[in-house]
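Quick notes on the structure that follows.
Order of listing sets the numbers, starting from 1, for every ligand and every atom in it. These figures come from a predicted structure and were not determined experimentally.
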Amino acid sequence: MAIKLIEPPVPRDMMPKHVAVIMDGNGRWAKKRGMPRKLGHVQGAKAFRKMMIHAIEIGIEYISFYAFSTENWKRPDDEVHSIMNLMSKYLTDARTEFGDEHVRIILLGDNEAFNPELRQKFIDLENDTKDFHALTAGCCANYGSRDEIVHAAKAIARQVKDGTLQPEDITEDLISRNLYTKDMPDVDLLIRPGGEMRISNFLLWQCAYAELYFCDTLWPDFDAKEFDKAIVEYARRTRRFGGL
Ligand code: FPP
């Protein structure tokens with residue numbers, strides 16, 4: 001599939017480099033229509049696909065989607081299964097869908113908890129797309145920000161223990177390089193549709209200076225126009241990073 005580039009909603013130098021998206025509201029979208037929650041996720045996966053295409057066409061460099069959190073395992077089995085199936089389908093379809101678009105896809109999360117087939121699909125797709133640079137898409141699955149920081153702390157502690165690292169050499173940059181997002185810059189813009197105003201254990205370290213954008217639209221209804229609206233709002237903000 002050849003995706004045509006289009007003019008972004010703001011000048012390129014005002015675009016966020018890394019956009020992170022919390023895809024919230026699938027369950028409510030389904031409930032409002034008297035449908036099972038899992039059909040909300042089916043619609044959510046369609047919205048996700050459209051946003052990937054839109055990110056490519058307006059030239060976003062990095063995007064991360066919250067697909068499944070470390071806490072989402074507590075949901076009913078059939079809902080968990082349907083989200084896993086949608087992810088598995090996305091990993092298969094991504095090859096044909098974005099094969100020519102130079103999209104790098106990376107898993108942000110702990111791969112160990114997935115069934116062997118899904119785990120292997122993530123590994124294969126990461127390997128096959130590792131040299132692509134047009135868009136880097138992070139799929140946050142079995143992801144929790146605190147869990148990610150614990151992983152990083154353990155990896156660093158092991159290096160200190162075996163003598164390859166001195167405690168005084170631990171810097172913010174070193175911690176960043178031990179997170180799942182090691183190949184991505186910090187988040188510039190965090191978008192949360194669905195009406196809730198919280199971060200929900202998502203990219204806490206990486207969002208330290210992110211601009212936050214909340215809207216009431218439920219994720220399955222979130223479209224390119226809404227995405228552009230968030231980018232226009234981002235470009236209007238003055239970012240000071242703690243300075244004046
Ligand atoms: C949050 O909405 C959404 C999720 C926990 C799952 C998101 C999954 C997808 C969009 C589909 C699969 C992903 C990919 C990458 C293909 P919610 O269920 O908490 O909604 P609610 O707040 O209305 O209950």
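Within ligand 1, the atoms closer than 4.0 Å to a non-hydrogen atom of Asp24 are 1 (C), 2 (O), 17 (P), 19 (O), 20 (O), 21 (P), 22 (O), numbered from 1 in the order shown. Ligand-side atoms of ligand 1 in range of Gly44: 10 (C), range being under 4.0 angstrom from any heavy atom.
An N or O contact shorter than 3.5 Å is missing between Trp219 and ligand 1 by distance. Between Gly25 and ligand 1, at least one N/O pair is under 3.5 Å apart. In terms of polar-atom proximity, defined here as any N/O pair under 3.5 Å, Arg28 does make such a contact with ligand 1. By the 3.5 Å distance cut-off applied to N or O atoms, Phe48 is not counted among the residues near ligand 1.
In Arg237, the CZ atom is crowded: over 12 heavy atoms of neighbouring residues, nucleotides or ligands sit closer than 6.0 Å.
In this structure, Arg75 has a heavy atom closer than 4.0 Å to ligand 1. Heavy atoms of Arg37 come nearer than 4.0 angstrom to ligand 1 in at least one pair.
The nearest protein atom to atom 14 (C) of ligand 1, hydrogens excluded, is given as Met87 CG, 4.1 Å; this is a heavy-atom distance. The protein non-hydrogen atom at the shortest distance from atom 10 (C) of ligand 1 is Asn26 ND2, 3.4 Å. Atom 11 (C) of ligand 1 has its closest protein heavy atom at His41 O, 3.8 Å. In this structure, the protein non-hydrogen atom closest to atom 5 (C) of ligand 1 is Asn72 OD1, 3.5 Å. Nearest protein neighbour of atom 3 (C) of ligand 1, counting heavy atoms only, is Met23 O, 3.1 Å. What sits closest to atom 8 (C) of ligand 1 on the protein, heavy atoms only, is Ala67 O, 3.5 Å. For atom 12 (C) of ligand 1, the closest non-hydrogen atom of the protein is Leu86 CB, 3.9 Å.
Among the candidates Asp128, Asp124, Asp100, the single residue satisfying the salt bridge (charged side-chain N to carboxylate O under 4.0 Å, His left out) test with Arg95 is Asp128.
Ring centroid separation for the pair Tyr90 and Phe48 comes in under the 6.0 Å cut-off. Between Phe68 and Tyr143, the gap from one ring centroid to the other reaches at least 6.0 Å.
Side-chain contact between Pro8 and Ile231 is absent, with no heavy-atom pair separated by less than 4.5 Å. Under the 4.5 Å side-chain criterion, counting only non-hydrogen atoms from C-beta, Phe222 is not in contact with Lys50.
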Evaluate the ring pair (Phe, Tyr, Trp, His ring centres under 6.0 Å) criterion for residues Tyr213 and Tyr234: first the C-alpha distance (whole Å), next the side-chain angles of each, then the deciding distance (0.1 Å), finally the verdict. CA-CA 8 Å; Tyr213 180 89; Tyr234 167 83; over 10 Å; no

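Between the side chain of Thr164 and the main chain of Val160, no donor-acceptor pair closer than 3.5 Å is present. Here the side chain of Glu126 pairs a donor or acceptor atom with the backbone of Leu107 at under 3.5 angstrom.
Both tests pass for Arg33 against the ring of Trp29: distance under 6.0 Å to the centre and angle within 45° of the axis.
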